[in-house]
Amino acid sequence: MSELIQAVLDSEDRNDLRGLVSELRQQEQGYLLRNDILNLFDEYCSKYQKPENFFTYSNLGKLIYYTQEIIHIKEESTLCFIIRPKIASQEIYRLTADFKVEEMSVQELLDLRDRFVDKYNPNEGDLLELDFGPFYDYSPVIRDPKNIGKGVQFLNRYLSSKLFQDPNQWLEGLFNFLQLHQYNGIQLLINDRIASQQQLSEQVKKAIEFVSQRSDDESYEVFRFPLQMMGFEPGWGNTAARVLETLNILDELIDSPDPQTLEAFISRIPMIFKIVLVSAHGWFAQEGVLGRPDTGGQVVYVLDQAKSLEKQLQEDAILAGLEGLNVQPKVIILTRLIPNSDGTLCNQPLEKVHGSENAWILRVPLREFNPNVTQNWISRFEFWPYLETFAIDAEKQLLAEFQGRPDLIVGNYTDGNLVAFLLARRLGVTQCNVAHALEKSKYLFSNLYWQDLEDKYHFSLQFTADLIAMNAANFVVSSTYQEIVGTPDSIGQYESYKCLTMPELYHVVNGVELFSPKFNVVPPGVNESCFFPYNNSQERIQSDRQRMDEMLFTLEDESQIYGKLDDPTKRPLFSMARLDRIKNITGLAECFGKSKELQEHCNLILVAGKLRVEESGDNEERDEIVKLYRTIDEYNLHGKIRWLGVRLSKNDSGVVYRVIADRQGVFVQPALFEAFGLTILEAMISGLPTFATQFGGPLEIIQDKKNGFYINPTNLEETAAKIVEFVTKCEQNPNYWEEISQKAIERVYTTYTWKIHTTKLLSLARIYGFWNFNSKEKREDLLRYLESLFYLIYKPRAQKLLEQHQSR
Ligand code: UDP
Ligand code: LCN
C-alpha cells in the first residue's frame, strides 16, 4: 500500500491529493469514516470536474477505495489514513503537513484515537494493552483470506500432515482416542481385549473378514457378541454393511492415512450425546416471546437448532448401532428463569421442547440481589452482573439433569458465550460460540465513546466479555463469511475486535486471530414445518389463511392494529421485525411515504413491536413507535398502511408470509445492518420476492436480481425505485413474480436447512474434540490470561453495575 501512496505522490494525482486534503482540512468533522470519505471524494470530483472514471482508474481513486478512516489532527495539520488493502488486514499512515508519508504503529493509532476524544493521558502512565497475538504464535493459521471460515478443513489437512509424519505416535493417539468413548458408563468402540495399537490393527482386519461374510442388512445385534469377543463394542454401525464400512475406513486410516479418511472416520464416532445451548438473557420460551425487545432470531435459531440436533443425534446413534443400549441423546437449552413472566412460561424451571423426545428448556433463576431487578426481564445491556453466579448455579443443575458432564457447550450472544466459557472451563468441555450479532459494529464509535454510552449500554462489559469468550472458544460458528472478516469494502464483525481503543480502560492491539482455524461458517436453516412455499396447497389450512388474511388487510381492532386500507387489493409490501432502531422499519415507512409511485402500486403492511409507547419497556422501541406515527402523519399515509402490533405465534407468522405471497406481494428487510436475517429465509422459502439490506448477512443469502434484490436502506429514493421497477415489471409480465419467487424457494432448500447445519455442526464438534485430544493443544496459558481479564477487568465493573441495580 505504501507503494500506492508513493505512486499518488509521484504522479499528477499529487495535486488532487493536495486539493482533497485542503477540502478535508476545512471539514469541521475531524474523524471521517468510509462513507464520509467517499462522499467527500465525490464532491471533490464534481467540483473540479474530474472525468467520470477518475475513481476507478486514478491511483488516488484506488487509495480512497481502500481507505477506511481518516483522522485529521488539526494541531499538527497531519492526517492519519487507516487503509484496508485487503480483507482482514490494516495499514496505517501519517501524511504530514509537508506531504511526507510515514508508517504508524497500531499503538500510535490507538493513542491518536484517544487524543481525538481528549482521553490521551500519557502523564498518568501507560494504559493496559491487550494482545492475544502471542497465544496464536504456535498454532496453525490460514494463509489465504478467502479460506477464512473453513477452519475445520484446514485444520484437518494441517494437523494430519503433522501427525502422519510419525506413524507410531499417530497410531498410539488414535488407539487412545478410541478407548475413550462411553455412554452412561457403557464402553463403546473397543474394549480391553485390544490392548495396543498393534493389536488394534490386527483385530480390525479380523473383524472385517468376519463381518464381510454376513449379509449387508443383517442387524448388528445378531453378531454383537462375536464382535465383542474380538474386542469391538457397539458404535461401529447398525447393520453388517455399516459396520463393515466403518471398519474399512479405520483400516485404511491405519494403513494409509489421509485427511479425508480421517474426517470421514471421526465424523462417525459416537462421542456426542449431551449438548447444552446457552441463551441466557431474553425471554426464552416457545410461545408469546418473539418480537419483544431482545427476543428475536436468536430464540428462533436456538429452538430450531435444539430440535434438529436432537433428531440428528438420535439418527446418528441408531446408525452407529447403539439402539440396544437405550441411548437417549439430550439437548438442554439453558436460560434464565424470569419470575414475573408476563403470561409466558419463562417462570417455569423446566419445559419440554415441542416435538422433541429429549430436548428441554432449563431455566435457572438469577440469585435474588434486588428483587425489583432480578424478578423481571433485564435488558441484554444490563445483564452483566449476574452471569458468574448464574453459571455456578447452572453447573449444578446441568450435572444433575445430564447425570454427568455434557459433551459440548454452545454459547449464544455475548452473555451466553461468557457463561459457556465459565461452564466449559469448570467442566473441561469443548466450547463453541455463536455470536448472532456482535453489538460493537451496530453502534457507530461504540468503543471510542464508550464512556458516554456506558450508562445506557455498558459496552465496557460487553466488549470485554466478547474478547474473553471469542478467544476462549475451541471453535466459533458464524452464519456468514462477512460476519468474520466483512467484504472488500467493509470490515467484519469479528474483525472489528482486532484493534481498538477503550479510552482510559485499555487498548487492544491484537484482539482476535481472524486467520485461526477456529472460525467456521455454518449458516442456520429455517423451520420447514412452519415456513413453506405458498403454493404447497396440501399443507395449507384454509381457515388459518382466511383468519390471517383478514387480520392483515381488513380486521378493525384498535388494540392491536393501526390503519385502514383504502384499497386492500393493492400489492402488499410487507415487513416484519422487532421495532428497534437498527431494524429501520421507520426508514421503510419514510421510503414508502416519499414515493408517490410506490404508493400507487402498493400498500405497506408492517408487523412490528407495540402500538403504544406506554406498553413498551424499552427505550429504543419507544422512540421508534413515536417516529413511526410521526412518519405516517408527515406523509399522510392514512389509508395506505397497516401496522400490526401483535405477537404472532410461529405458525401464524408462517401463514402471514404465505398470505402475502397469495397476493403476489413483496417482502422488504430494510435494516441499517443485519447480522444474518432469519426473516429473509422465512420470506424466501414462502415464495416471496425479497428486497433486503445490502449491509450484512443478506448479501450472502440473496444473489442479487436472481433470487431476490439488494437495497441500500439509507438511499430512500433508490430503494423505492428498485421496488417500483420490480412491481411494474410484474404488472407487465405476471410470470416475472413467479420466476423470482421460485428461485427464492430453491435458494433456501439448497443452502439453508437445519439438516445441513446440524450435520456440519456435529461433525465440527467431533473433529475439534479429536484434535484437542490429539494435538494436546496448549491452551492453558491463553485461558489463564482470559481468566485474569475476567477477574481483574470484567468482574469489578460488573460489581459496580450491580451496586447501581441494588439501589433501584
Ligand atoms: N419475529 C416474530 N414477530 C415479530 C418480529 C419477529 O415472530 O414481531 C420473528 C421472525 O419471524 C424471525 C425472528 O423473529 O423468526 C427474527 O429474526 P431475525 O434474524 O430476522 O432478526 P433478529 O430479531 O434476530 O434481529
Ligand atoms: C441476531 C440477529 O441480529 C439476526 O441477524 C440473526 O439472524 C439472528 O440473531 C439469528 O442468528
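Each ligand, and each atom within it, is numbered from 1 in the order the structure gives. Just so you know, these numbers come straight off a predicted model, no measurement behind them.
- For ligand 1, the atoms closer than 4.0 angstrom to any heavy atom of R578 are 5 (C), 22 (P), 23 (O), 25 (O).
- When the heavy atoms of P524, A435, G677 are ranked by distance to atom 6 (C) of ligand 2, first place goes to G677.
- Here E615 pairs with R612 in a salt bridge; the nearest charged N to carboxylate O distance falls below 4.0 Å.
- At a 3.5 angstrom cut-off on N or O pairs, F676 counts as close to ligand 2.
- Figure legend: R663 and F553 shown as a cation-pi pair, the cationic atom lying under 6.0 angstrom from the six-membered ring centre and within 45 degrees of its axis.
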Using the side-chain hydrogen bond (donor to acceptor under 3.5 Å, both in side chains) rule, take T758 and Q305 through it: C-alpha gap first, then chi angles, then the decisive distance, then the call.
CA-CA 7 Å; T758 24; Q305 188 192 46; over 6 Å; no

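- Here E528 contributes atom CD and E539 contributes atom CD; the two are 11.0 Å apart, rounded to the nearest 0.5 Å.
- Remark: minimum distance from atom 10 (C) of ligand 2 to any protein heavy atom is reached at H436 ND1, 3.3 Å.
- At a heavy-atom distance under 4.0 Å, no atom of Q669 approaches ligand 1.
- If you number the atoms of ligand 1 from 1 as listed, the ones under 4.0 Å from a heavy atom of G291 come out as 4 (C), 5 (C), 8 (O).
- With rounding to the nearest 0.5 Å, the separation of CG in L611 from OG in S616 is 11.5 Å.
- For G297, a nitrogen or oxygen atom sits less than 3.5 Å from a nitrogen or oxygen atom of ligand 1, counting backbone and side chain alike.
- We find that R578 and D294 are not joined by a salt bridge, their nearest charged nitrogen and carboxylate oxygen being 4.0 Å or further apart.
- Y301 places a side-chain heavy atom less than 4.5 Å from the side chain of V434.
- Of the protein's non-hydrogen atoms, L678 N, 3.5 Å is the one closest to atom 18 (P) of ligand 1.
- Proximity of A577 to ligand 1, defined as any heavy-atom pair under 4.0 Å, is confined to the backbone N, CA, C and O atoms.
- Heavy-atom proximity to A675, at under 4.0 Å, picks out these atoms of ligand 2: 5 (O).
- No side-chain heavy atom of I561 sits less than 4.5 Å from a side-chain heavy atom of E556.
- Set against the non-hydrogen atoms of K583, the atoms of ligand 1 under 4.0 Å away are 21 (O), 22 (P), 23 (O), 25 (O).
- The residue R647 has no part lying near ligand 1, judged by heavy-atom distances below 4.0 Å.
- Two residues are said to be in side-chain contact when any heavy atoms from C-beta on lie closer than 4.5 Å; F676 and I701 meet this criterion.
- Counting protein heavy atoms only, atom 3 (N) of ligand 1 is closest to M576 SD, 3.9 Å.
- One finds a salt bridge joining D662 and R545 here, because a Lys/Arg side-chain nitrogen approaches an Asp/Glu carboxylate oxygen to under 4.0 Å.
- Distances shorter than 4.0 angstrom do not occur between any heavy atom of A608 and any atom of ligand 1.
- Those atoms of ligand 1 that come under 4.0 Å of a heavy atom in L290, given as number and element, are 2 (C), 7 (O).
- Below 3.5 Å of separation, one finds no N or O of F531 facing any N or O of ligand 1.
- Residues K743 and E746 are not paired through a salt bridge, judged by the lack of any N-O separation under 4.0 Å between the basic side chain and the carboxylate.
- At the top of the distance list for atom 15 (O) of ligand 1, counting protein heavy atoms only, stands E682 OE2, 2.5 Å.
- For ligand 2 and E674, the ligand atoms under 4.0 Å from any heavy atom of the residue are 2 (C), 3 (O), 4 (C), 5 (O).
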